[in-house]
**Student:** 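Okay, here's the structure, questions in a sec.
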Amino acid sequence: MPKDFHGLWALVPAYLAAHLALDWVSFIHEVPPLNITPWNPPAGLMMGMLIVVGLRAVPLAWLGLMAADLMVRDLPVPLWMTVAANGLLAAGYGGAAWVLCRRLGLDHQLSRLRDIVLLLVGAAMTPLVVGTGYIALHTLIGLFPWSDFGGALLRYWVGEVIGITVLTPVVLVALRGTVPHASWRGASWKGVAELAAYGLLIGLTLWLDFGPLASAQYEHFYLLFLPAVAVAVRHGLAGAALASAATQAGLIVAIQVTGVETARTTHFQLLMLTLAVTALLLGAVVSERRRVEAAIRERQSDLARASRLTEAGEMAAALAHELNQPLAAAMSYARAARKIAKMEEASPRLSEILDKTVAQAERADRVIRSLRDFMRKGRSDRAPLSVGGLIADCLALAAPLAGQHSVSIQSEVAPSLPAVSGDAVQLQQVILNLVRNAAEAMDAPDPRRRRIVVFAHPAAEAGFVALGVRDSGPGLSGVVERNLFAPFVTTKATGMGLGLSIARSIVEGHGGTLTSERLPHGETVFRFTIPIHGAEADSDDA
Ligand code: ADP
């Protein structure tokens with residue numbers, strides 16, 4: 001139940017007006033005595049409203065149906081029958097919306113492919129069940145013979161299904177407030193031109209099918225798939241929903257203008273249904289894919305943040321290490337000076353100052369010690385990890401690097417590797433650091449040989465898997481190679497020289513080792529080992 005609907009009351013006039021307007025516009029090719037039309041968009045509006053608002057909107061749905069029947073449809077049945085039949089429709093659709101949302105978990109934001117599939121299944125099933133009761137009621141009071149039951153039900157079903165399939169997604173997309181992943185907002189001239197091109201294509205196809213050149217078979221209908229598919233691919237679900245609605249509207253106008261007979265209209269509506277289902281499913285897949293890409297980008301920036309934090313931690317550790325010695329020396333000089341000052345009975349002021357100096361130095365020492373203890377105890381969260389999955393995640397995260405540096409990044413994973421024991425985020429960080437270094441090393445202009453391979457195979461050492469990164473770059477420079485894993489060693493103008501040192505401490509924290517190797521053709525390999533899950537020694541107290 002959405003929180004953004006404070007009360008139904010604000011919705012009532014807008015909903016009733018929209019229901020009536022849609023019913024009036026689509027009241028064509030009605031088949032008496034029930035005046036069933038080949039397209040019933042009010043059903044789509046009603047379903048959308050019931051999905052968003054919930055069961056408490058059933059009376060409003062009933063009111064809309066009553067208003068339409070009394071003001072537009074004018075059925076030849078007594079009023080009590082209209083009241084009862086519309087009660088059945090409103091309750092039936094309300095119940096279906098409740099089952100879809102509450103029992104089957106339909107998200108009215110239509111954020112997943114699953115939601116669109118559920119909506120389409122609901123759109124097909126609900127009119128079948130509800131329509132059977134609705135038409136049976138009218139048959140029971142003798143409006144038409146039972147022999148017409150099947151035909152009437154089919155016509156009713158087609159009109160309702162197409163109404164829901166085309167309009168409900170538009171209603172739900174419009175009510176979610178934004179049009180995610182679509183670029184209708186802030187439309188540029190390009191966007192307007194694109195929109196005009198789709199409209200033109202829809203218009204042209206309809207003209208081919210209904211204009212003076214049209215054959216009796218309306219053989220160009222399939223061309224309508226082109227703009228629908230193009231919009232779905234470019235703009236996801238929101239685009240698909242709008243394109244289906246625009247195509248349906250164009251089709252209805254064409255049918256009206258040219259006076260197509262009713263049987264043909266139903267045939268067109270079935271084709272339209274196929275088009276709408278195709279576009280919606282495609283649009284949902286495209287939207288879902290974009291969402292996954294956005295989630296990956298988010299994870300990437302999480303990782304970058306984690307990496308910056310670790311770098312800061314490493315820097316603190318390095319500083320602690322570097323400051324430890326001069327501080328210890330300063331402390332012992334201050335203690336010696338204090339002793340001498342006491343022995344030689346120097347001024348009490350000097351003794352007092354030396355006491356304070358020693359106390360301050362001891363305090364600084366305690367701060368550094370506790371910092372080092374903290375760094376040493378920082379454990380990683382171990383879990384069994386699939387090596388293939390780990391590398392696949394890294395390749396996905398490294399995809400932008402491949403683009404930025406014009407390199408290809410591939411994986412070579414030996415078959416049936418056992419799971420390793422490790423912290424996924426930390427190990428990703430190691431692999432990504434190595435891949436980033438490799439990509440940056442290949443920035444030199446030699447486009448023929450820009451290849452990075454992330455590999456995994458059983459390690460020579462029992463109980464371990466070897467993973468690593470191989471590149472076809474220029475190799476390590478001599479100075480760097482000697483101090484490769486020491487912090488702050490870098491050849492890059494903006495480098496911190498911390499990446500490899502962090503990578504090594506993570507690998508060693510897992511009980512493995514990280515080494516580098518130069519291959520005969522100048523290639524560089526960084527290789528590290530990680531214990532197989534279940535075979536790891538307790539390395540945390542190292
Ligand atoms: P940073 O990347 O910040 O400079 P790193 O510790 O990651 O720090 O790397 C240290 C240095 O090692 C780099 O500056 C670079 O000179 C060298 N290096 C690392 N990986 C490679 C590689 N694959 N090929 C050539 N040189 C590399």
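Just so you know, ligand 1 is whichever comes first in the structure, and atom 1 is the first atom listed for that ligand. No experiment lies behind these values; they were computed from the predicted model shown.
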**Student:** Which of the numbered atoms in ligand 1 are under 4.0 angstrom from any heavy atom belonging to Gly499?
**Tutor:** 5 (P), 6 (O), 7 (O), 8 (O)
**Student:** Any chance NZ of Lys492 has more than 12 other-residue heavy atoms, nucleotides or ligands included, within less than 6.0 Å?
**Tutor:** yes
**Student:** So, is Thr491 polar-close to ligand 1, with some N/O to N/O distance under 3.5 Å?
**Tutor:** yes
**Student:** Check whether any heavy atom of Gly475 sits under 4.0 Å from an atom of ligand 1.
**Tutor:** yes
**Student:** Measuring from atom CD1 of Ile391 to atom CD of Glu412, what distance do you get when rounded to the nearest 0.5 angstrom?
**Tutor:** 10.0 Å
**Student:** What I want to check is whether the side chains of Arg436 and His405 have a donor and an acceptor closer together than 3.5 Å.
**Tutor:** no
**Student:** Consider every N or O of Lys492 and every N or O of ligand 1, then say whether any pair is closer than 3.5 Å.
**Tutor:** yes
**Student:** Any heavy atom of Ala438 closer to ligand 1 than 4.0 angstrom?
**Tutor:** yes
**Student:** Using 30° and 60° as the class boundaries, would you call the ring planes of Phe455 and His457 parallel, tilted or perpendicular?
**Tutor:** parallel
**Student:** Out of all atoms in ligand 1, which are within 4.0 Å of some heavy atom of Ala441? Include the element for each.
**Tutor:** 22 (C), 24 (N), 25 (C)
**Student:** What distance do Ser516 atom OG and Arg527 atom CZ have between them, rounded to the nearest 0.5 Å?
**Tutor:** 10.5 Å
**Student:** If you measure from each heavy atom of Phe485 to ligand 1, is any distance below 4.0 Å?
**Tutor:** no
**Student:** Does Asp471 approach ligand 1 within less than 4.0 angstrom via side chain, backbone, both or neither, non-hydrogen atoms only?
**Tutor:** side chain
**Student:** Is there a donor-acceptor pair under 3.5 Å between the side chain of Arg470 and the backbone N or O of Thr524?
**Tutor:** no
**Student:** At what distance, to the nearest 0.5 angstrom, does CG of Leu514 lie from OG of Ser505?
**Tutor:** 9.5 Å
**Student:** Just jot down the ligand 1 atoms closer than 4.0 angstrom to any heavy atom of Leu484, in number order.
**Tutor:** 12 (O)
**Student:** Taking all non-hydrogen atoms of both residues into account, name the closest pair between Gly48 and Val171 and its distance.
**Tutor:** CA-CG1, 4.1 Å
**Student:** For Thr490, take its heavy atoms, then give the atoms of ligand 1 lying under 4.0 Å from any of them.
**Tutor:** 1 (P), 4 (O), 14 (O)
**Student:** Taking distance alone, with no angle check, do Leu500 and ligand 1 share an N/O pair under 3.5 Å?
**Tutor:** yes
**Student:** Quick one: look up the protein heavy atom nearest atom 26 (N) of ligand 1 and list residue, atom name and how far away it is.
**Tutor:** Leu476 CD2, 3.3 Å
**Student:** What protein heavy atom sits nearest atom 10 (C) of ligand 1, and how far away is it?
**Tutor:** Val489 O, 3.1 Å
**Student:** Please state which option from Val435, Asn437, Leu434, Val480 has its nearest heavy atom closest to atom 20 (N) of ligand 1.
**Tutor:** Asn437
**Student:** Can you tell me which residue and heavy atom of the protein come closest to atom 8 (O) of ligand 1, and the distance to 0.1 Å?
**Tutor:** Gly497 CA, 3.2 Å
**Student:** Out of curiosity, Leu110 CG to Ile51 CD1, how far, rounded to the nearest 0.5 Å?
**Tutor:** 7.5 Å
**Student:** To the nearest 0.5 Å, what is the distance between OG (Ser351) and NZ (Lys339)?
**Tutor:** 13.5 Å
